[in-house]
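For reference, the structure discussed in these notes is given below.
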Amino acid sequence: MRNKGLSRKTVLAKLGKIQRQDLKYEDGKILCSMCTTPHPAARSAHQLFLSSNLGDAGLFPGSLRLEKEVINNLSALLNGKDSVGFLVSGGTEANLLALWAARNRANVSKPEVILPESAHFSFTKICDLLRLKAVYASLDSSYRVDPSSVEKSINKNTVALVGTAGTAEIGVIDPIDKLSEIASDHRVHLHVDAAFGGLIIPFLKEIDCNTADFDFRLEGVKSVTVDPHKMGMTTIPAGGILFRDDSYLDCVKTETPYLTEEFQYTFVGTRTGASAAATYAVFESLGREGFRNTIARCMKLTKLLSSSLEALSFKLVSQPTLNIVAFRSLNSKLLSEKLRERGWLVSYVPRLDCIRIVVMPHLRRRHLAAFLKDLSEIAEPKIE
Ligand code: PLP
């Protein structure tokens, strides 16, 4: 640290210069992120609640009320009549809390969790932290987890099954209804990782896309991750964890002897109330109608992109379910590198040897048109 401080103006000028190294969603070149430009109301709300700490909520009852409002909104969206939950640092912490609760509730000596091969990598960290054995279930030809593979893997040590509603790689939705039946039959916790899809699928249903149930409507579903800092268009950090009812809270409860509240239920201690305010602001500003319209626009662009790629003879990994397009060329890795050289930030997915594009709200038709033009100019053999 420097010995003598600088003026605010000088510090901000330095920051402005450094910030120019960061990419901006608005430039339309970021095609690989599940986050996006925060809604303007979220920015203002975040600023207003900068000093609020939900880790010591007795000091910030207003912020706590906002968190409850957000959780109630998410519960209503996901049909959780009695569900309870928290805003946390992201999908990783939300998934951690779910498996922490499931493991403690089951209380077996050698706990195991059954994950789809397509599960998000956060579960690798979580299994290590919680000393859970990860047992991977295979996928079917449409990259969804195969329920029979899940059922075959269940044994007396199984503390939870996980299904994903919107995989990070290609956005497919596992057959949560089948997993729910299996979970109920074997009396085991089913956690749904809807970190990305949780704020999309309920609106897709409203805009006439035929998507199956994935939420608390299904009896076996005991917890759901749903992240406002992805398609919820709020500021980072805002992950969400919902439990079916408050009986799960005892399993993740820690006494907090010197704070204003007796217990904490999240992994992170000090926790910003700004995210709760920002998420509340987005929900209030957009309402269901605003979300529906934004998702309809993203899906329209997704369809446009996928059909244009097919017209250019690229092969889709599967028809998009959500606003993610995954496609292959003869050498997808090389193509992704060439695209990056031209400034297009796409992901290369080694597991599926494909390129992945997430059509987030910051992307416009003109961005995709420019991308497709560059793509067609890159001399790259296409798959027949
Ligand atoms: N689960 C899924 C399905 C995700 O897509 C992601 C992130 O993309 C996560 C979990 C982890 O979320 P975070 O990066 O907010 O911790």
Side-chain angles (χ1 to χ4, degrees), residues 25 30-36 38 42 70 74 78 85-100 113 115-130 134 136-137 139 143-145 160-176 179 190-202 204 211 214-215 221 223-242 266-268 271-272 275-276 278-279 298 320-326 345-349 351-352 356-362:
Y25 293 113
I30 301 181
L31 307 180
C32 56
S33 178
M34 291 182 140
C35 294
T36 190
V70 168
L74 291 173
L78 302 182
F86 303 95
L87 281 178
V88 293
S89 55
T92 303
E93 190 187 349
N95 287 338
L96 171 71
L97 291 175
L99 293 197
W100 192 13
V113 55
L115 299 159
E117 271 171 14
S118 54
H120 187 261
F121 63 82
S122 51
F123 290 102
T124 312
K125 305 178 194 177
I126 293 163
C127 288
D128 189 31
L129 279 171
L130 295 179
Y136 285 93
L139 308 183
Y143 303 99
R144 293 155 23 112
V145 77
L161 315 180
V162 172
T164 315
T167 58
E169 288 170 343
I170 60 172
V172 296
I173 305 172
D174 285 327
I176 308 295
L179 297 183
L190 172 59
H191 172 64
V192 177
D193 180 1
F196 186 63
L199 274 160
I200 305 173
I201 303 165
L204 278 185
T211 43
F214 73 105
D215 59 22
V221 175
S223 54
V224 180
T225 288
V226 47
D227 286 356
H229 71 197
K230 297 187 168 75
M231 278 301 286
M233 294 165 277
T234 190
T235 49
I236 298 169
I241 177 68
L242 300 179
T266 54
F267 180 70
V268 165
R271 197 159 62 89
T272 179
S275 299
T279 309
C298 290
T321 312
L322 304 183
N323 45 332
I324 300 182
V325 181
L345 279 300
V346 294
S347 323
Y348 170 69
V349 182
R351 198 176 64 82
L352 299 169
R356 155 192 182 269
I357 294 179
V358 193
V359 185
M360 292 300 284
H362 59 266

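Note that ligands are numbered from 1 as they come in the structure, with each ligand's atoms numbered from 1 the same way.
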**Prompt:** Short list, please: which atoms of ligand 1 are under 4.0 Å from a heavy atom of His229?
**Reply:** 15 (O)
**Request:** Would you name the heavy atoms of Ala134 and Cys127 that are closest together and state the gap between them?
**Result:** CB-SG, 3.8 Å
**Request:** Looking only at protein heavy atoms, identify the closest one to atom 16 (O) of ligand 1 and say how far it is in Å.
**Result:** Thr92 OG1, 2.6 Å
**Prompt:** Could a heavy atom of Ala194 be found less than 4.0 Å from some atom of ligand 1?
**Reply:** no
**Nearest-0.5 Å distance that lies between atom OG in Ser33 and atom CG in Leu345** = 9.5 Å
**Request:** Would you tell me whether His362 and Thr36 have side-chain atoms, one donor and one acceptor, within less than 3.5 Å of each other?
**Result:** yes
**Asked** So, does Glu93 sit close enough to ligand 1 that a heavy atom of it is under 4.0 Å from the ligand?
**Response** no
**Prompt:** Counting from 1, what ligand 1 atoms have a heavy atom of Gly90 closer than 4.0 Å?
**Reply:** 15 (O), 16 (O)
**Donor-acceptor pair, side chain of Asp227 and main chain of His229, under 3.5 angstrom** = no
**Request:** Give yes or no for whether the N/O distance cutoff of 3.5 Å, strictly under, is met between Ser89 and ligand 1.
**Result:** no
**Message:** I'd like the name of whichever of Met34, Lys230, Lys125 reaches closest to atom 14 (O) of ligand 1 through any heavy atom.
**Reply:** Lys230
**Asked** Within the distance-only criterion (no hydrogens, no angle test), does the side chain of Thr234 pair as donor or acceptor with the backbone N or O of Thr279 below 3.5 angstrom?
**Response** yes
**Message:** Counting only heavy atoms closer than 4.0 Å, does ligand 1 sit against the backbone of Thr167, its side chain, both, or neither?
**Reply:** neither
**Request:** Tell me, with the steps shown, if His191 and Thr225 meet side-chain hydrogen bond (donor to acceptor under 3.5 Å, both in side chains).
**Result:** CA-CA 8 Å; His191 172 64; Thr225 288; 3.2 Å; yes
**Message:** With a 3.5 Å distance limit and no angle check, can you tell me whether Glu93 reaches the backbone of Phe267 through a side-chain donor-acceptor pair?
**Reply:** yes
**Asked** Short N/O distance, under 3.5 Å, between Gly91 and ligand 1?
**Response** yes
**Item:** For Gly166, atoms of ligand 1 separated by under 4.0 Å from a heavy atom
**Value:** 3 (C)
**Request:** Give a yes or no answer on whether the side chain of Arg356 reaches the backbone of Cys32 with a donor-acceptor pair at less than 3.5 Å.
**Result:** yes
**Request:** Can you sort out which atoms of ligand 1 are near Ala168, meaning under 4.0 Å from one of its heavy atoms?
**Result:** 5 (O)
**Prompt:** Under 4.0 Å from ligand 1, counting heavy atoms only, is it the side chain of Thr225, its backbone, both or neither?
**Reply:** neither
**Asked** In the protein, what heavy atom is nearest to atom 1 (N) of ligand 1, and what distance, to one decimal place, separates them?
**Response** Asp193 OD2, 2.7 Å
**Prompt:** Of the protein's non-hydrogen atoms, which lies at the shortest distance from atom 4 (C) of ligand 1, and what is that distance?
**Reply:** His120 CD2, 3.5 Å
**Request:** Work out which heavy atom in Gly232 is nearest to a heavy atom in Leu199; give both atom names and the distance.
**Result:** CA-CD1, 3.8 Å
**Asked** Just which atoms of ligand 1 are under 4.0 Å from any heavy atom in Asp227?
**Response** 12 (O), 15 (O)
**Item:** ligand 1 atoms in contact with Asn95 (distance to a heavy atom under 4.0 Å)
**Value:** 1 (N), 10 (C)
**Request:** Give the minimum heavy-atom separation between Ala165 and Ile173, together with the two atoms involved.
**Result:** CA-CG2, 3.9 Å
